[in-house]
Amino acid sequence: MKSRLIASVALSAVVLLGTTGCTFITPQSTKISYSPSDGVNIVDSAGPLEVRNAMIIATEDGSTGNLVAAIVNPTDKKATLTVEIEGLDPLTVRVGANDTLSLGANAEPVLIEGLNTIPGATIEMYFQSGDATGAVADIPVLDGTLPYYADLVPTPVEEETAGEAPAN
């Protein structure tokens, strides 16, 4: 009788550990850092500027896009963010001391001409501020399908043809 009791307690312990023990070795999802929006956060711990929720809102053909992001400068000195895309001229954004610049909200988004990346894809971009080495990230390219992005799609600049009078 005593051996049956010990066997049933041992079996219960094995079943209990087997069904609940997996949480001891599995990483907790709530501790995994992620970007909770359509854009991505750029991690460059050595740079003075923080780039949050970076994304590009592009035209339907992907030829032109607007860089939309929040750039935070927690320092007491103004700083410059340099953004590079392979094959294009570098883009620069200046952020005042202790300021947050929201490209697309409280500031104009940065226009990227010659983007050549269709919406739905990602594009590799390099972000650098201060004396830091910078960080590379794959930035999502979106379009104006969602209503809250519709106003952020770049509008084509119509060039007047030489010799033609503007329409009245």
Side-chain angles (χ1 to χ4, degrees), residues 20 22-160:
T20 61
C22 62
T23 59
F24 290 122
I25 58 172
T26 303
Q28 294 178 353
S29 296
T30 56
K31 293 198 176 236
I32 298 172
S33 181
Y34 70 99
S35 299
S37 183
D38 294 330
V40 296
N41 295 330
I42 312 304
V43 179
D44 180 13
S45 58
L49 298 178
E50 301 170 11
V51 180
R52 299 179 184 159
N53 200 29
M55 67 182 94
I56 296 174
I57 309 298
T59 56
E60 197 172 302
D61 65 357
S63 62
T64 307
N66 278 327
L67 174 63
V68 176
I71 306 169
V72 181
N73 183 358
T75 68
D76 58 356
K77 295 179 182 175
K78 62 183 174 182
T80 301
L81 175 70
T82 302
V83 181
E84 294 180 17
I85 301 172
E86 188 176 333
L88 300 178
D89 291 334
L91 308 166
T92 57
V93 179
R94 289 176 180 75
V95 184
N98 297 306
D99 196 12
T100 298
L101 191 64
S102 292
L103 302 175
N106 70 358
E108 287 296 313
V110 176
L111 182 65
I112 304 169
E113 295 182 294
L115 179 65
N116 200 23
T117 304
I118 60 169
T122 60
I123 188 165
E124 188 176 271
M125 296 175 72
Y126 171 74
F127 296 82
Q128 191 272 331
S129 64
D131 296 331
T133 57
V136 175
D138 288 327
I139 305 301
V141 179
L142 307 172
D143 62 10
T145 301
L146 297 172
Y148 42 89
Y149 294 146
D151 292 341
L152 296 171
V153 176
T155 53
V157 178
E158 293 188 28
E159 298 179 23
E160 291 185 26

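Along the sequence shown, the residues carry numbers beginning at 1.
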### Counterpart residues, side chain to side chain contact (heavy atoms under 4.5 Å, CB included), relative to Ala105 (two or more places apart)
Ser102
### Task
Kindly say whether Val95 contributes a backbone atom to a donor-acceptor pair with the side chain of Asn73 at under 3.5 angstrom?
yes
### Task
With sequence neighbours excluded, tell me which residues meet side chain to side chain donor-acceptor pair (under 3.5 Å) with Thr100.
none
### Query
Can you list every pair that meets salt bridge (Lys or Arg N to Asp or Glu O under 4.0 Å) and has a residue in residues 58-86, with sequence neighbours left out?
none
### Task
Sequence neighbours left out, what pairs pass salt bridge (Lys or Arg N to Asp or Glu O under 4.0 Å) with at least one residue falling in residues 141-151?
none
## Note on the structure
Taken in chain and number order and not counting sequence neighbours, the residues that satisfy side chain to side chain contact (heavy atoms under 4.5 Å, CB included) with Thr133 are none
### Query
What residues, two or more places apart in sequence or in another chain, satisfy side chain to side chain contact (heavy atoms under 4.5 Å, CB included) together with Val153?
Ile57, Thr59
### Task
Give every residue pair that meets the salt bridge (Lys or Arg N to Asp or Glu O under 4.0 Å) criterion with at least one member in residues 122-139, sequence neighbours excluded.
none
### Summary
Sorted by chain and residue number, the side chain to side chain donor-acceptor pair (under 3.5 Å) partners of Asn66 (sequence neighbours excluded) come out as none
### Task
State which residues pass salt bridge (charged side-chain N to carboxylate O under 4.0 Å, His left out) with Arg52; sequence neighbours excluded, sorted by chain then number.
Glu50
### Query
Is any side-chain heavy atom of Val83 less than 4.5 Å from a side-chain heavy atom of Leu67?
yes
### Query
What residues, two or more places apart in sequence or in another chain, satisfy side chain to side chain donor-acceptor pair (under 3.5 Å) together with Asp44?
none
